[in-house]
Amino acid sequence: MNKPRLYSGMQPSADSLQIGNYIGALMQWRTLQDENEAFFSVVDLHALTQPNSPSELRQKTRRTAAQYIAAGIEPSRSTLYVQSHVPAHAELAWILSTITGFGEAGRMTQFKDKSSRYGADATNVGLFTYPVLMAADILLYQTDLVPVGDDQKQHIELTRDLAERFNSRFGETFTMPRPVIQKETARIYDLQNPTSKMSKSAESDAGVLWLLDDPKATAKKIMRAVTDDEGSVRYDREAKPGVSNLLVIYSALTGREMGSIEDEYAGRGYGDFKKGLAEVVVGEFEPVRTRALELLDDPAELDRALGVNAERAAAVADRTLADVYDKMGLLRRV
Ligand code: ATP
Ligand code: LTN
């Protein structure tokens with residue numbers, strides 16, 4: 001009965017997820033939900049750190065949740081919910097901010113990257129405290145395991161430091177979470193710029209494969225992917241980043257060894273290989289896309305499922321928060 005607790009989440013920062021989110025996160029979450037008691041959130045409070053129109057944010061939140069479900073996260077088994085539906089997240093984030101050092105938060109590389117990219121005027125305090133809110137997400141659920149990409153490793157380290165600090169100051173309260181870092185081979189790069197990570201919020205979407213794109217658009221992007229002039233389908237991340245990226249996608253979606261794919265396409269051109277890959281990707285995406293669009297056709301039903309899951313999440317989170325308030329000496333309301 002006592003399965004390890006697992007927690008992960010994604011920001012609703014686009015209408016569609018991209019293939020990196022699918023391969024690097026959703027496929028693993030789907031597998032991990034069998035052996036763990038899993039919580040998956042759509043972290044809409046985190047998304048507020050970037051400008052959004054309110055109607056778009058609402059739409060992206062629903063769409064992200066629909067894609068989790070369509071990709072195989074089962075809301076009857078895993079607790080799949082929207083972060084802002086559980087007020088304890090914001091409350092624990094405040095508490096944790098009072099034990100986080102200013103310098104400690106300032107050392108987070110994602111904050112440094114984002115704030116220098118946006119410039120001092122567009123940087124907000126929420127971006128600075130983003131990792132503290134993430135720590136609250138994780139610690140509220142007494143999480144054992146956190147599957148994330150290696151860009152999030154530093155945030156998990158901070159989460160562990162905060163858990164340890166709180167536990168030693170106020171008594172055992174939080175479970176110490178461990179990161180489950182995805183393999184380097186699970187990292188997908190932009191098809192037009194195969195040395196930078198594919199991302200939902202890329203400046204140009206020419207090299208991004210969207211889960212909800214129509215099959216023709218997806219196939220076209222694959223046919224136009226940057227390769228090299230050697231002409232042989234062979235994995236070599238350094239010398240052939242474009243072809244290697246396509247091979248990684250092929251292998252991740254089919255479960256086939258890289259070598260067997262290389263053998264299949266030996267002596268054939270990139271055109272054939274890309275056509276084969278387009279079939280694989282479209283074949284994988286089609287049922288997910290159809291199911292996601294079906295779910296989005298009935299937003300009331302989707303919202304209802306999210307509501308039920310939020311209640312389940314809140315029951316766990318509220319227990320942890322009450323314990324925290326008590327341990328810190330906040331006067332109990334009678
Ligand atoms: P944004 O551009 O809004 O930061 P993103 O597409 O880079 O979004 P995140 O929302 O930061 O993705 O990440 C969600 C999950 O998807 C994380 O677990 C992350 O590791 C994974 N992920 C994102 N991009 C890739 C990628 N290119 N390859 C593999 N995994 C990825
Ligand atoms: N910061 C993460 C998203 C995220 C998260 C979390 C991941 C927010 N809260 C808790 C794991 C656990 C990101 O940008 N990928």
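This structure is a prediction, so every number in the text was calculated from the model and none was measured. Numbers here simply count residues along the sequence, with the first being 1. Both ligands and their constituent atoms are indexed starting at 1 by order of listing. Worth knowing before you read on, the calculation uses all heavy atoms, side chains too, and leaves out hydrogens, waters and symmetry mates.
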- Do we get Lys274 above Tyr265's six-membered ring, with its NZ or CZ under 6.0 Å from the centre and within 45° of the axis? no
- Quick one: which ligand 2 atoms are inside 4.0 Å of a heavy atom on Ile138? 10 (C), 12 (C)
- Just say parallel, tilted or perpendicular for the rings of His89 and Tyr7, cut-offs at 30° and 60°. tilted
- Examine the proximity of ligand 1 to Gln18 and report which part, side chain or backbone, both or neither, has a heavy atom under 4.0 Å away. side chain
- Considering only the protein, which heavy-atom contact is closest to atom 27 (N) of ligand 1, and what is its distance? Ile188 O, 2.7 Å
- Quick one: does ligand 1 sit under 4.0 Å from the side chain of Ser201, the backbone, both or neither, non-hydrogen atoms only? both
- Contact (N/O only, under 3.5 Å) between His155 and ligand 2: no
- Task: Taking the six-membered ring for Trp and the single ring otherwise, decide whether the centroids of Phe174 and Tyr141 are under 6.0 Å apart.
- Result: no
- Task: Show which atoms of ligand 2 fall inside a sub-4.0 Å distance from at least one heavy-atom site of Tyr7.
- Result: 10 (C), 12 (C)
- Mode of Ala25 contact toward ligand 1 - side chain, backbone, both, neither (heavy atoms, under 4.0 Å): side chain
- Task: Say whether Tyr130, considering both its backbone and side-chain N or O atoms, lies within less than 3.5 Å of an N or O atom on ligand 2.
- Result: yes
- Note on the structure: protein heavy-atom neighbour closest to atom 9 (N) of ligand 2 works out as Asp137 OD2, 2.7 Å
- Query: Would you call Arg5 and Asp144 a salt bridge, taking side-chain N to carboxylate O under 4.0 Å as the test?
  - Reply: no
